[in-house]
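Being a predicted model, the structure only gives us computed values, none of them experimental.
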Amino acid sequence: MAHLMKAGALCHYRCALSKRSFGYRFLATKTYDPLRILFCGADEFSIASLKALHEEHVKRPDRISSIDVVCRPGKRVGRGLKKIREVPIKAVATELSLPIHEIDTFKGWAPPILPGGPINLIVAVSFGLFVPPRILNDAKYGGLNVHPSLLPDFRGPAPLHHTLLAGRTKTGVTLQTLHLKHFDHGVILQQTPCPGFEIPNPDTCTVPELLNIVAPKGAEILLDGIRKGLFVPPLEDAGWRASQSDEPLIHAAKIKPEDRHIDWVNWTWKDIHRRNRVLGPLWSKTLATSDPASGNPSFQQRRVILSDMEEVDTIKGCEPFSLVPGLPFVDSAYPIDRQQGKGLYVFTRDGKLIRIHQMKVEGEQNADGVRAALKARMLSDRTFHSGAADFTPFHNPLQ
């Protein structure tokens, strides 16, 4: 009986392994010509994949005979645009002595014809430019892409940011073909086994920390797919995420400055804290007084970057300010003594009191919250009196 139970368990285990949702498929390696790869990349995520392919090229030139690298040209940055910031992958490709092609568009450009023949596989990882059909169709084996999410979830250019913004605790990587018309709509050839791997410390994890986790896993799934020849027809769809998860699919749109603009009416402190961790310092808008000595002061709207803030215990007597989320105030009567070291505070939608330690008002240097508000003439000349303390509010709520 024990022998039969063990045999049954082994059979069940093998059947489970054969299902796509429980792991990488155990397929016989398909045969293919030595690969002449055109690798399109840019950042640290793509660098990990390039290094893995290069190592395989050195060990198995019969499998990968050559690698050419395509990247975007460097951009001029800084004052006077005198410095050129190169894309990170260029330095790595140079170090590996790989041919480099810098292009800002595929229009009018064609892959090189190598001594062994034309490019026969396109690999695009975190590249940013769409590889046109004419180039994919000219490559015998089409194109491959590694995406740092469990597709079709988090399709788009910023999957790591949106994974953390959504509060996900698990994620994964996907190997797919390059689609002829759309980003991230190719055939899923391989995917992190269900239900994905854990994100360490999801409540504190940052984008660079998550990148350090997914980059080597992305390189691993690419190399495994290359070795198995998963790109050789007939292709098999190995995707499982869309059918086996109850969580809604999210589009990972490009991160824009407006994504850091605090919505005081709708965001809780948890929302604000998470966005600050994932996207960097958040900003808001306020009214500042201009030229008060003229006798006819005017107001102008200025951007305020909240560079350092934290949740603190409620100060007795300040509760009325919680009725207007985003209305900053100082725990001091007017006029405020700069030497008193009083704090600048604001309530969130869910009644959490936040102290703004440091902030940068548009046109000014980053400074202590109270000092920055005073210098920008953002505070009212009226004092709110409570039974416990005096408070000086801003002219109006942050927007």
Can Asp271 and Thr268 be said to form a side-chain hydrogen bond (donor to acceptor under 3.5 Å, both in side chains), step by step? CA-CA 5 Å; Asp271 297 326; Thr268 64; 3.2 Å; yes
Closest heavy-atom contact between Arg275 and Trp267? CD-CH2, 3.2 Å
Main-chain N/O of Ala124 paired to Asn145 side chain as donor or acceptor, under 3.5 Å: yes
Salt-bridged, Lys59 to Glu55, with N to O below 4.0 Å? yes
Will you find, in the side chains of Thr174 and Gln191, an N or O donor that is under 3.5 Å from an N or O acceptor? yes
If you look at every heavy atom in Glu209 and Cys205, which pair is closest and at what distance? OE1-CA, 3.3 Å
Are Leu160 and Phe154 packed together at the side-chain level, in the sense that at least one heavy-atom pair is separated by less than 4.5 angstrom? no
Under the salt bridge (charged side-chain N to carboxylate O under 4.0 Å, His left out) rule, what do Glu364 and Arg302 come out as? Steps first, then yes or no, please. CA-CA 10 Å; Glu364 305 288 349; Arg302 300 171 76 176; 3.7 Å; yes
Between Leu306 and Asn276, the two heavy atoms sitting closest are O-OD1, 4.3 Å
Hey, does Phe197 have a side-chain heavy atom less than 4.5 Å from the side chain of Ile213? yes
State whether the side chain of Asp138 and the backbone N or O of Ile135 hold a donor-acceptor pair below 3.5 Å, judged by distance alone. no
Just verifying a value: how many Å separate Ser49 OG and Lys217 NZ, rounded to the nearest 0.5 Å? 13.5 Å
What distance separates Asp184 CG from His251 NE2, expressed to the nearest 0.5 Å? 9.0 Å
Is it the case that the ring center of Phe321 lies less than 6.0 angstrom away from the ring center of Tyr345? no
Just checking Lys360: does its NZ atom have more than 12 heavy atoms from other residues, nucleotides or ligands closer to it than 6.0 angstrom? yes
Heavy-atom side-chain proximity of Leu144 to Leu222 below 4.5 angstrom: yes
Any donor-acceptor pair under 3.5 Å linking the side chain of His179 with the backbone of Lys181? yes
Heavy atoms from other residues, nucleotides or ligands near CZ of Arg85 exceed 12 (cutoff 6.0 Å): no
Please indicate whether Asp313 has more than 12 foreign heavy atoms, meaning atoms of other residues, nucleotides or ligands, lying under 6.0 Å from its CG. no
Parallel, tilted or perpendicular for His261 and Trp283, by the 30°/60° rule? parallel
Main-chain N/O of Ile188 paired with Gln176 side-chain donor or acceptor, under 3.5 Å: no
Is a salt bridge present between Lys352 and Asp350, judged by a nitrogen-to-oxygen distance below 4.0 Å? no
Verdict with supporting geometry, Ile89 and Asp43, side-chain contact (heavy atoms from CB on, under 4.5 Å): CA-CA 6 Å; Ile89 203 169; Asp43 59 12; over 6 Å; no
Are the side chains of Arg227 and Arg63 in touch, meaning some heavy atoms are under 4.5 Å apart? yes
Mark yes or no for whether His57, through its side chain, and Ile67, through its backbone, hold a donor-acceptor pair below 3.5 Å. no
Roughly how far apart are Phe39 CZ and Ile100 CD1, rounded to 0.5 Å? 12.5 Å
Please check if the side chain of Tyr32 supplies one atom and the backbone of Ile226 the other of a donor-acceptor pair under 3.5 Å. yes
Distance col, row Thr192:OG1 vs Glu220:CD, nearest 0.5 angstrom, shows 8.5 Å
After noting the C-alpha distance and the side-chain angles of Asp224 and Lys228, does the key distance pass the salt bridge (charged side-chain N to carboxylate O under 4.0 Å, His left out) rule? CA-CA 6 Å; Asp224 189 62; Lys228 292 177 180 176; 3.0 Å; yes
Could you grab the distance from atom CZ of Phe347 to atom CG of Leu353, nearest 0.5 Å is fine? 4.5 Å
Give the C-alpha distance, both sets of side-chain angles, the deciding distance and a yes or no for side-chain contact (heavy atoms from CB on, under 4.5 Å) between Lys140 and Asp33. CA-CA 9 Å; Lys140 180 176 180 178; Asp33 300 338; 2.7 Å; yes
Between Val346 and Ile356, does a side-chain contact (heavy atoms from CB on, under 4.5 Å) hold up when you go through it step by step? CA-CA 8 Å; Val346 62; Ile356 302 173; 4.1 Å; yes
Show the nearest heavy-atom pair for residues Cys318 and Thr314, with the distance to one decimal. SG-CG2, 3.7 Å
Glu311/Arg355 salt bridge by N-O under 4.0 Å criterion: no
How far apart are the closest heavy atoms of Pro88 and Glu44, and which atoms are they? CB-OE2, 4.0 Å
Less than 4.5 Å apart, side chain to side chain, heavy atoms only: is that true for Val125 and Phe45? yes
Test: Arg72 and Glu102 ion pair at under 4.0 Å: no
Leu210 and Ile199, any side-chain heavy atoms less than 4.5 Å apart: yes
Could you state whether Val214 and Leu175 fall into the same hydrophobic cluster, counting links through intermediate Ile, Leu, Val, Met, Phe, Trp or Tyr residues with side-chain heavy atoms under 4.5 angstrom apart? yes
Give me the atom names and distance for the closest heavy-atom approach of Pro148 to Pro159. CG-CG, 3.5 Å
Under 3.5 Å, side chain of Lys30 to main-chain N/O of Val232, donor-acceptor pair present? yes
Judged by atom type as modelled, is there a donor-acceptor pair below 3.5 Å linking the side chain of Asn201 to the main-chain atoms of Thr204? no
With hydrophobic residues grouped by side-chain heavy-atom distances under 4.5 Å, do Val131 and Ile103 end up in a single group? yes
Sequence neighbours left out, cut at 3.5 Å: what donor-acceptor pairs do the side chains of residues 91-99 make with other protein atoms?
from  : atom 1 : to    : atom 2 : distance (Å)
Thr94 : OG1    : Lys90 : O      : 2.8

Looking only at side chains, do Thr348 and Trp264 share a donor and an acceptor under 3.5 Å apart? no
Please check if the side chain of Asp237 supplies one atom and the backbone of Val187 the other of a donor-acceptor pair under 3.5 Å. no
Carboxylate-amine/guanidinium proximity below 4.0 Å for Asp153 and Arg168: yes
Criterion side-chain contact (heavy atoms from CB on, under 4.5 Å) on Leu230 and Gln190, from CA distance to verdict: CA-CA 8 Å; Leu230 298 183; Gln190 196 152 275; 3.4 Å; yes
Please round to the nearest 0.5 Å and tell me the distance separating atom CD1 of Ile354 and atom CG of Leu344. 11.5 Å
What donor-acceptor contacts under 3.5 angstrom involve side-chain atoms of residues 112-123, with partners at least two apart or in another chain?
from   : atom 1 : to    : atom 2 : distance (Å)
Asn120 : OD1    : Arg36 : N      : 2.7
Asn120 : ND2    : Pro34 : O      : 3.0

Check whether any side-chain heavy atom of Arg274 sits under 4.5 Å from a side-chain heavy atom of Ile272, and report yes or no. no
Tell me, do Leu279 and Leu165 make a side-chain contact under 4.5 Å, heavy atoms counted? yes
Using modelled atom types and a 3.5 Å cut-off, is there a donor and acceptor pairing between side-chain atoms of Ser46 and backbone atoms of Ala42? yes
Set out, in order, the CA-CA distance, both residues' side-chain angles and the distance that settles side-chain hydrogen bond (donor to acceptor under 3.5 Å, both in side chains) for His357 and Glu310, then state yes or no. CA-CA 8 Å; His357 292 290; Glu310 67 169 341; 2.9 Å; yes
